Q: 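Structure incoming, see below.
Just so we're clear, the structure is a prediction, and the values are computed from it rather than from any experiment.
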Amino acid sequence: MDPKKGIEFLIQHNLVKETPEEVAQFLYQEEGLNKTAIGDYLGEKNNFNEAVLKAFVELHDFTDLILVEALRQFLWSFRLPGEAQKIDRMMETFAQRYCQLNPNIFTNPDTCYVLSFAIIMLNTSLHNPSVKDKPTVEQFISMNRGINDGENVPRELLVSLYE
């Protein structure tokens, strides 16, 4: 079933209230939902879905988690859609929430956003058997130069993310 139609059905039958917070709560807590469908729904570009995405991300507590742990927790709750624009909206919302809960790690959410994308790409490159040329730690560090308001993210952080 189309996730949008499924949510509409639940709302029409008073199983879920028509608020972003209620829909987000349902998507976050209900067992057995298709994680791909959740990702597709959260990534849709319209005001309601974007509000649901924001409410969904706010259900996650990333306080005091290192970025990789927070990203893992976030991505465990749904599957990233294939469309780049949807992924972009999701990662931007994630980065804003992560920085809100951990205000002293990055100078701004853009750094978190770029680094989160870099981690996802690194993970894909390192663990996808069809990728022949695996990036080295030095290449990963080089790819992320200057992403912190023109400054470099600490090398130790990048090395730990790579490992």
Side-chain angles (χ1 to χ4, degrees), residues 3-4 6-7 10-11 16-127 140-141 143-154 156-163:
K4 186 173 181 173
I7 296 295
L10 294 171
I11 291 168
V16 174
K17 290 181 185 164
E18 191 174 6
T19 68
E21 295 77 17
E22 288 280 330
V23 173
Q25 190 77 32
F26 173 80
L27 295 174
Y28 184 73
Q29 288 190 326
E30 193 63 33
E31 302 230 354
L33 296 180
N34 181 308
K35 289 187 178 192
T36 301
I38 294 171
D40 283 337
Y41 185 83
L42 292 173
E44 285 298 315
K45 181 162 179 59
N46 66 54
N47 291 340
F48 187 77
N49 288 64
E50 288 177 18
V52 171
L53 171 61
K54 186 175 187 310
F56 184 84
V57 173
E58 287 175 358
L59 292 170
H60 293 80
D61 184 8
F62 305 128
T63 306
D64 297 327
L65 293 181
I66 63 169
L67 183 59
V68 173
E69 290 172 345
L71 200 51
R72 234 181 244 129
Q73 181 191 113
F74 180 56
L75 295 175
W76 183 254
S77 59
F78 67 96
R79 184 156 187 233
L80 279 174
E83 189 179 321
Q85 292 154 331
K86 289 182 177 186
I87 296 171
D88 183 65
R89 277 190 289 283
M90 296 168 142
M91 297 312 300
E92 185 177 343
T93 307
F94 164 80
Q96 289 169 351
R97 175 72 171 162
Y98 183 82
C99 289
Q100 173 192 10
L101 296 173
N102 301 284
N104 299 319
I105 295 181
F106 301 110
T107 55
N108 64 57
D110 290 343
T111 303
C112 180
Y113 167 83
V114 170
L115 198 51
S116 296
F117 255 113
I119 292 166
I120 291 170
M121 306 257 302
L122 175 68
N123 188 57
T124 301
S125 297
L126 292 178
H127 301 290
F140 181 69
I141 292 168
M143 284 179 2
N144 290 292
R145 281 208 175 99
I147 65 169
N148 198 18
D149 271 350
E151 298 295 317
N152 292 335
V153 173
E156 306 78 46
L157 173 62
L158 294 174
V159 169
S160 72
L161 292 173
Y162 183 89
E163 294 171 344

Q: Taking all atoms of both residues into account, what is the closest heavy-atom pair of Arg97 and Val57, and its distance?
A: CB-CG1, 3.4 Å

Q: Determine whether a donor-acceptor pair (N or O, by modelled atom type, separation under 3.5 Å) exists between the side chain of Lys54 and the backbone of Thr93.
A: no

Q: Tell me the salt bridge (charged side-chain N to carboxylate O under 4.0 Å, His left out) pairs involving residues 21-33, sequence neighbours left out?
A: none

Q: How long is the span from the CD atom in Glu83 to the CD atom in Glu44, to the nearest 0.5 Å?
A: 7.5 Å

Q: Which distance, rounded to the nearest 0.5 Å, do you find between the CG of Leu42 and the CE of Met90?
A: 4.5 Å

Q: Could you go step by step and tell me if Ile119 and Leu67 meet the side-chain contact (heavy atoms from CB on, under 4.5 Å) rule?
A: CA-CA 9 Å; Ile119 292 166; Leu67 183 59; 3.7 Å; yes

Q: For Met143, I'd like to know if atom CE has over 12 heavy atoms of other residues, nucleotides or ligands within 6.0 Å.
A: yes

Q: Would you say that Leu75 contacts Lys35 through its side chain, given a criterion of any heavy-atom pair below 4.5 Å between the two side chains?
A: no

Q: Please name the pair of heavy atoms, one in Cys112 and one in Cys99, separated by the smallest distance, quoted to 0.1 Å.
A: CB-SG, 3.6 Å

Q: Please find the pair of heavy atoms, one from Ile87 and one from Pro81, that lie closest to each other, and give the distance.
A: CD1-O, 3.0 Å

Q: Specify the closest pair of heavy atoms between Asn148 and Thr111, including all atoms of both residues, with the distance to one decimal.
A: OD1-OG1, 3.0 Å

Q: Hey, are the side chains of Asn144 and Leu158 touching, using non-hydrogen atoms and a 4.5 Å cut-off?
A: yes

Q: With rounding to the nearest 0.5 Å, note down the distance linking CG in Leu157 to CG in Leu115.
A: 6.0 Å

Q: Using the salt bridge (charged side-chain N to carboxylate O under 4.0 Å, His left out) criterion, which residues pair with Glu50? Sequence neighbours excluded.
A: Lys45

Q: Near Asp64 CG, under 6.0 Å, is it more than 12 heavy atoms from other residues, nucleotides or ligands?
A: no

Q: Would you say Ser77 and Phe56 make side-chain contact, with heavy atoms under 4.5 Å?
A: yes

Q: A quick test of your reading: do over 12 heavy atoms of other residues, nucleotides or ligands sit less than 6.0 Å from CG of Asn47?
A: no

Q: What do you reckon, is CD of Gln73 surrounded by more than 12 foreign heavy atoms closer than 6.0 Å?
A: yes

Q: Check the pair Ile7 / Val16 against side-chain contact (heavy atoms from CB on, under 4.5 Å), numbers first and verdict last.
A: CA-CA 8 Å; Ile7 296 295; Val16 174; 5.9 Å; no

Q: Does the separation of the ring centres of His60 and Tyr98 fall below 6.0 angstrom?
A: no

Q: Before giving the answer on side-chain contact (heavy atoms from CB on, under 4.5 Å), spell out for Asn108 and Phe106 the whole-Å C-alpha distance, their side-chain angles and the decisive distance to 0.1 Å.
A: CA-CA 5 Å; Asn108 64 57; Phe106 301 110; over 6 Å; no

Q: Heavy atoms only: give me the nearest Ala118-Phe140 pair and the separation to one decimal.
A: O-CE1, 3.8 Å

Q: Shortest non-hydrogen contact from Gly43 to Lys86?
A: O-CG, 3.1 Å

Q: When rounded to the nearest 0.5 angstrom, what distance separates CG in Leu80 from CE in Met91?
A: 7.0 Å

Q: Count the heavy atoms of every other residue, nucleotide or ligand shown that sit under 6.0 Å from NZ of Lys17, and state whether that count exceeds 12.
A: no

Q: Any heavy-atom pair between the side chains of Val23 and Ile11 that's under 4.5 Å?
A: yes

Q: Would you compute the distance between atom CE of Met121 and atom OG of Ser125 and round it to the nearest 0.5 angstrom?
A: 6.5 Å

Q: Assess the residue pair Phe26 and Leu33 against the criterion (side-chain contact (heavy atoms from CB on, under 4.5 Å)); give the C-alpha distance rounded to whole Å, side-chain angles, the decisive distance to 0.1 Å, and a yes or no.
A: CA-CA 10 Å; Phe26 173 80; Leu33 296 180; 3.8 Å; yes

Q: Do other residues, nucleotides or ligands put more than 12 heavy atoms under 6.0 Å from Glu69 CD?
A: yes

Q: Atom CG of Asp149 and atom CG of Asp110: how far apart are they, to the nearest 0.5 Å?
A: 8.0 Å

Q: How are the rings of Phe62 and Phe94 set relative to one another: parallel (under 30°), tilted (30 to 60°) or perpendicular (over 60°)?
A: perpendicular

